[in-house]
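Before I ask anything, here is the structure I am working with.
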Amino acid sequence: MAGGAKVEKRSIMWFRKGLRLHDNPALHKSCQDASHVFPLFVLDPFFLAPDPTAPSPGSRTVGVNRIQFLLESLRDLNASLESRGSKLLLVQGNPVEVLPELIEKWSINRLCFEFDTEPYAQDRDQQIKEICDHRGVEVHTPVSHTLFDPREVIAKNGGKPPLTYQAFCRKLGNPPKPLDDATVKVPAPPGDLKDVKVVPVPSLEDLGYVDLKEDFTPFRGGETEGLKRLEESLANKKWVSEFEKPKGDPTAFLKPATTCLSPYFKFGCVSARLFYSRLLAVYAESKKHTQPPVSLEGQMLWREFFYTAGYGTPNFDRMVGNPICKQIPWKDDENLLSCWRDGRTGYPWIDAAMIQLRKWGWLHHLARHAVACFLTRGDLFVYWEKGRDVFDRLLVDSDWALNNGNWMWLSASAFFAQYHRIYSPITFAKKYDPDGKYIKHFIPALKDMPKAYIYEPWTAPLSVQKQANCIIGKDYPKPVVDHAIANKKCRDRMGAAYALNKQAAPGQPTQEQVNTLNNKLTANLEGEADEQDVAAATDSGEDSSPSLKPKVKRQRKLPFQKKGGPAATESGEENSPPSPKPKVTRQRKLPFQKKG
DNA sequence: GAGGTAGTTGTCTTA
DNA sequence: ATAAGACAACTACCT
């Protein structure tokens with residue numbers, strides 16, 4: 001474009017995440033020297049249309065709770081825009097098809113949207129950019145979802161994202177301050193929108209969802225609500241400066257132990273930079289405060305850590321082809337997966353958490369740890385990607401980078417390797433909630449179970465079960481696996497898989513190596529499963545697969561494990577449920593275990 | 001480059 | 001009660 005007279009800008013401000021007016025650099029840019037700003041959100045039926053075949057109410061990929069949160073956020077955004085004399089323009093369709101049309105019809109010469117690191121968004125945005133380049137439309141894509149630009153952190157680290165938190169933090173400078181919003185004026189879109197079909201923010205019912213009155217998430221979407229929550233969280237300065245994530249109570253549900261701002265960060269209803277700067281202001285007023293990684297500041301930096309890793313790692317959301325992910329022969333067991341997903345594992349703590357996840361769309365971080373560990377390396381040995389999908393569907397705050405990163409962490413596939421540290425589905429939550437209030441709240445069937453049995457109801461005598469109106473196996477399921485056996489087997493499998501990964505995969509393994517590895521491991525796993533059955537029946541614990549021994553010598557069965565004998569399960573799962581009396585205290589090191 | 005160190009959040013027992 | 005130690009053990013990063 002030849003210079004000279006300033007061309008009046010007709011901007012589309014394309015909202016995707018970043019559903020806010022405050023600290024929104026793309027919005028600022030769209031308003032600069034603009035005659036008209038078209039605040040746009042594209043409702044993509046691909047993500048919003050109901051899918052009756054999905055495992056829970058929602059669309060193909062997204063549960064209703066998050067859809068509702070999005071709709072509320074859009075309603076709030078529209079209200080805020082209206083208060084500034086503008087409005088949100090909602091258009092239905094696939095953005096890649098819709099945007100070129102709008103650019104044409106509205107004579108747009110500038111498009112602004114927030115930079116998005118997710119692969120899906122990268123691909124979509126690249127297509128849009130190319131279209132704009134062809135038509136001479138300016139494109140601005142500032143970074144404002146995260147505190148830092150992942151590209152810069154990766155560059156500083158020699159082209160690769162750091163794989164440890166400490167190393168990551170060492171690469172960081174000070175994040176940019178939030179923008180000053182006081183002076184921003186948003187020029188309204190023109191009255192004539194040509195023949196573009198603009199729709200009001202739909203309700204869930206408009207989208208085709210019905211009967212969803214009960215059990216909705218307690219989190220209401222939107223910038224207004226998010227900022228309110230930010231203020232409430234930061235108002236308690238003592239709490240803020242003493243915050244230590246691992247000390248939080250994952251069973252607290254009347255008043256959760258964290259800020260619960262995650263859904264607002266996920267959708268960008270609240271700016272991470274705003275929260276961060278406000279947080280530092282609180283720190284500045286207090287004598288001392290906790291530090292990363294456990295502090296509130298540390299939580300913000302974890303988010304940055306995973307965003308950076310997710311941006312800089314190929315196939316971050318998969319095991320195969322992902323250079324930082326251990327190749328592990330996880331099980332593709334639909335039955336175990338659905339027991340876990342639907343809160344039917346027979347372990348009340350795990351099931352209560354899964355039910356909270358479904359109802360609230362939110363869990364405390366440690367509850368996420370517990371259920372993720374249980375599904376993968378702790379007990380069920382099911383693919384982390386399967387669990388990731390369930391979380392991604394149900395969590396209101398589901399965030400691609402954080403969700404995948406944390407699943408790899410918890411499954412000891414990347415970032416974390418101490419696979420012997422396994423959360424107990426029985427004792428972990430007990431130390432926070434010895435009475436089992438959390439369980440009783442989320443699992444009504446167990447509400448009258450005495451607290452002595454609440455974490456292990458299958459150990460309650462039948463008379464007690466009758467008294468509590470809860471017969472185990474009828475009113476509440478028997479455990480799908482015996483934790484004592486299952487977690488031992490998982491550790492053995494992890495040991496074998498780790499050994500093979502070390503042997504076979506220096507750097508990124510080729511597809512062929514991965515296949516070979518998985519075949520070996522699967523063969524090993526099957527042999528082991530057979531042996532396990534035999535072992536359970538005969539007390540012969542010797543390993544019979546010589547070629548692929550884990551480095552760890554497998555222990556022989558402890559005597560108590562066969563007490564009571566394996567009971568039959570409906571599922572036919574290889575692990576037997578715990579015998580009626582599993583309450584045998586762990587034995588001290590016994591000489592005969594050493595044998596060999 | 002070899003070796004040492006430290007790592008957000010395990011469990012159980014003992015002091 | 002809380003804290004420390006044992007358990008068994010991995011690896012990215014740094015020196």
Side-chain angles (χ1 to χ4, degrees), chain A residues 156-158 160-171 243-252 257-258 290-306 309 312-313 323-326 328 349 363-374 376-379 402 405-406 408-432 434 455 483-484 486-488 490-503 505-507 550-555 558 560 582-590 593-594:
Chain A
K156 257 191 220 168
N157 194 50
K160 280 185 161 182
L163 293 175
T164 67
Y165 183 78
Q166 303 295 346
F168 172 78
C169 289
R170 280 191 280 270
K171 303 292 172 191
F243 183 91
E244 284 183 65
K245 189 64 160 281
K247 292 199 176 154
D249 177 356
T251 66
T258 59
T290 52
Q291 295 290 330
V294 295
S295 62
L296 271 182
E297 180 191 8
Q299 304 314 301
M300 297 309 284
L301 299 180
W302 277 108
R303 181 170 177 269
E304 302 292 316
F305 173 74
F306 285 122
T313 307
I324 67 168
C325 186
K326 288 253 169 21
I328 293 168
W349 154 239
L363 284 177
H364 185 275
H365 194 59
L366 289 177
R368 301 183 195 202
H369 275 216
V371 298
C373 181
F374 187 87
T376 58
R377 66 183 170 83
D379 290 86
L402 277 58
N406 278 307
M408 279 190 270
W409 186 295
L410 262 298
S411 63
S413 296
F415 307 114
F416 175 83
Q418 306 286 73
Y419 61 80
H420 281 271
R421 295 183 187 170
I422 291 173
Y423 291 92
S424 164
I426 297 158
T427 60
F428 176 69
K430 213 186 247 179
K431 62 177 180 269
Y432 300 97
Y455 285 92
H483 175 65
N487 95 78
K488 177 66 173 62
C490 284
R491 278 180 286 161
D492 287 348
R493 288 168 180 162
M494 291 298 285
Y498 265 50
L500 275 170
N501 273 267
K502 207 180 263 182
Q503 185 188 109
K551 272 195 349 201
V552 198
K553 195 82 184 165
R554 178 173 296 130
Q555 294 191 323
L558 298 175
F560 74 81
K583 288 229 113 163
V584 180
T585 49
R586 169 190 281 206
Q587 313 209 355
R588 300 173 70 173
K589 193 101 173 147
L590 297 173
Q593 290 176 7
K594 282 260 175 81

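The sequence lines fix the lettering, A, B, ..., with proteins before strands; numbering per chain opens at 1. Predicted model only: the values in this text are computed from it and were never measured.
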- Query: A/Ala167 has a side chain; which of C/dC13, B/dT11, C/dC10 sits nearest to it?
  - Reply: C/dC13
- Message: Only pairs with both distances under 3.5 Å count, Watson-Crick or wobble alike; so what is the partner of B/dT13 in this structure?
- Response: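 Answer to the pairing question: C/dA4, which forms a Watson-Crick or G-U pair with B/dT13.
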- Query: Is the side chain of A/Ser413 donor-acceptor paired with the backbone N or O of A/Cys325 at a distance under 3.5 Å, no angle test?
  - Reply: no
- Item | Touch class at under 4.0 angstrom, heavy-atom based, for A/Lys160 against every strand present |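 No contact.
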- Item | Same-atom distance (C1') from C/dA6 to B/dT8, integer angstrom | 22 Å
- Item | Any A/Lys326 side-chain nitrogen or oxygen under 4.0 Å from OP1 or OP2 of C/dC10 |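 The answer is no; no side-chain N or O of A/Lys326 sits under 4.0 Å from OP1 or OP2.
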- Message: If I take atom CZ in residue A/Arg421 and atom C1' in nucleotide B/dC12, what distance separates them, rounded to the nearest angstrom?
- Response: 14 Å
- Message: Need one value for A/Pro292: base, sugar-phosphate or nothing, where a base atom within 4.0 Å counts as base even if backbone is also close, heavy atoms only.
- Response: nothing
- Message: From CZ of A/Phe416 over to P of C/dC10, roughly how many Å is that when rounded to an integer?
- Response: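 Result: 12 Å.
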- Message: With a 4.5 Å cut-off on side-chain heavy atoms, are A/Ile422 and A/His483 touching?
- Response: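 Yes, side chains in contact.
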- Item | Rounded C1' spacing from B/dG1 to C/dC13 in Å |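 To the nearest whole Å, 14 Å.
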- Short question: side chain of A/Arg491, backbone of A/His420 - any donor-acceptor pair under 3.5 Å? no
- Query: Counting only Watson-Crick or G-U wobble pairs whose two distances fall under 3.5 Å, which nucleotide matches B/dT5?
  - Reply: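 C/dA12 - that is the nucleotide pairing with B/dT5, both distances being under 3.5 Å.
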- Query: Between A/Ile422 (CD1) and B/dT9 (P), how many Å, whole number?
  - Reply: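 After rounding, the reported distance stands at 15 Å.
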- Item | Distance, C1' atom - from B/dT11 to C/dT11, rounded to whole angstrom | 22 Å
- Message: Can a donor-acceptor pair be found, under 3.5 Å and without considering hydrogens, that links the side chain of A/Gln299 to the backbone of A/Pro292?
- Response: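 Between the backbone of A/Pro292 and the side chain of A/Gln299 there is no qualifying donor-acceptor contact (under 3.5 Å).
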- Message: Between A/Lys171 (side chain only) and A/Asn157 (backbone N and O only), is there a donor and an acceptor less than 3.5 Å apart?
- Response: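 Side chain of A/Lys171 to backbone of A/Asn157, a donor-acceptor pair under 3.5 Å: no, none is there.
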- Task: Compare the minimum distances between each of B/dT9, B/dT11, B/dT8 and the side chain of A/Gln299, then state the nucleotide with the smallest one.
- Result: B/dT8
- Is there a donor-acceptor pair closer than 3.5 Å between any side-chain N or O of A/Arg377 and the backbone N or O of A/Arg421? yes
- Query: Between B/dT11, C/dT11, B/dT9, which nucleotide gets closest to the side-chain atoms of A/Tyr498?
  - Reply: C/dT11
- Backbone of A/Gly298 reached by a side-chain donor or acceptor of A/Tyr165 within 3.5 Å: yes
- Query: Which part of the nucleic acid, if any, lies within contact of A/Glu244, taking any heavy atom under 4.0 Å across all strands shown: a base, the sugar-phosphate backbone alone, or nothing?
  - Reply: nothing
- Query: Nearest to the side chain of A/Thr164 - B/dT8, B/dT11, C/dC13?
  - Reply: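 Side chain of A/Thr164 sits closest to C/dC13.
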- Item | Separation of atom OH in A/Tyr419 from atom P in B/dT9, rounded to whole Å | 17 Å
- Rounded distance (Å) that lies between atom C1' of C/dT2 and atom NZ of A/Lys431: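 Checked: the NZ to C1' distance equals 14 Å.
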- Task: Could you tell me whether A/Arg368 contacts a base, only the sugar-phosphate backbone, or nothing, with contacts defined as non-hydrogen atoms closer than 4.0 Å?
- Result: nothing
- Task: Specify the separation, in whole Å, of atom NE2 of A/His420 and atom P of B/dC12.
- Result: 16 Å
- Query: What integer distance in Å separates A/Lys247:NZ from B/dG10:C1'?
  - Reply: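 The answer, rounded to whole Å, is 16 Å.
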- Message: With a 4.0 Å cutoff (strictly under), does any side-chain N or O of A/Thr427 reach OP1 or OP2 of B/dC12?
- Response: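 It does, given that an N or O in the side chain of A/Thr427 lies less than 4.0 Å from OP1 or OP2 of B/dC12.
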- Query: So does A/Gln418 get a side-chain nitrogen or oxygen closer than 4.0 Å to the phosphate oxygens (OP1/OP2) of B/dA6?
  - Reply: no
- Message: Under the criterion of centre distance below 5.5 Å and interplanar angle below 30°, is A/Tyr165 classified as stacked on the base of B/dT8?
- Response: no
- A/Arg491 side-chain N/O to C/dA9 phosphate OP1/OP2 under 4.0 Å: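 For C/dA9, OP1/OP2 do not have a side-chain N/O of A/Arg491 under 4.0 Å.
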- Item | Which nucleotide in B/dT8, B/dT11, C/dC13 has an atom nearest any side-chain atom of A/Arg170 |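 Looking only at heavy atoms from C-beta outward on A/Arg170, the closest nucleotide is C/dC13.
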- Message: Please pick, from B/dT9, B/dT8, C/dT11, the nucleotide with the shortest atom-to-atom distance to any side-chain atom of A/Val294.
- Response: B/dT8
- Message: Nearest whole Å is fine: how far is C/dC13 C1' from A/Lys171 NZ?
- Response: 10 Å
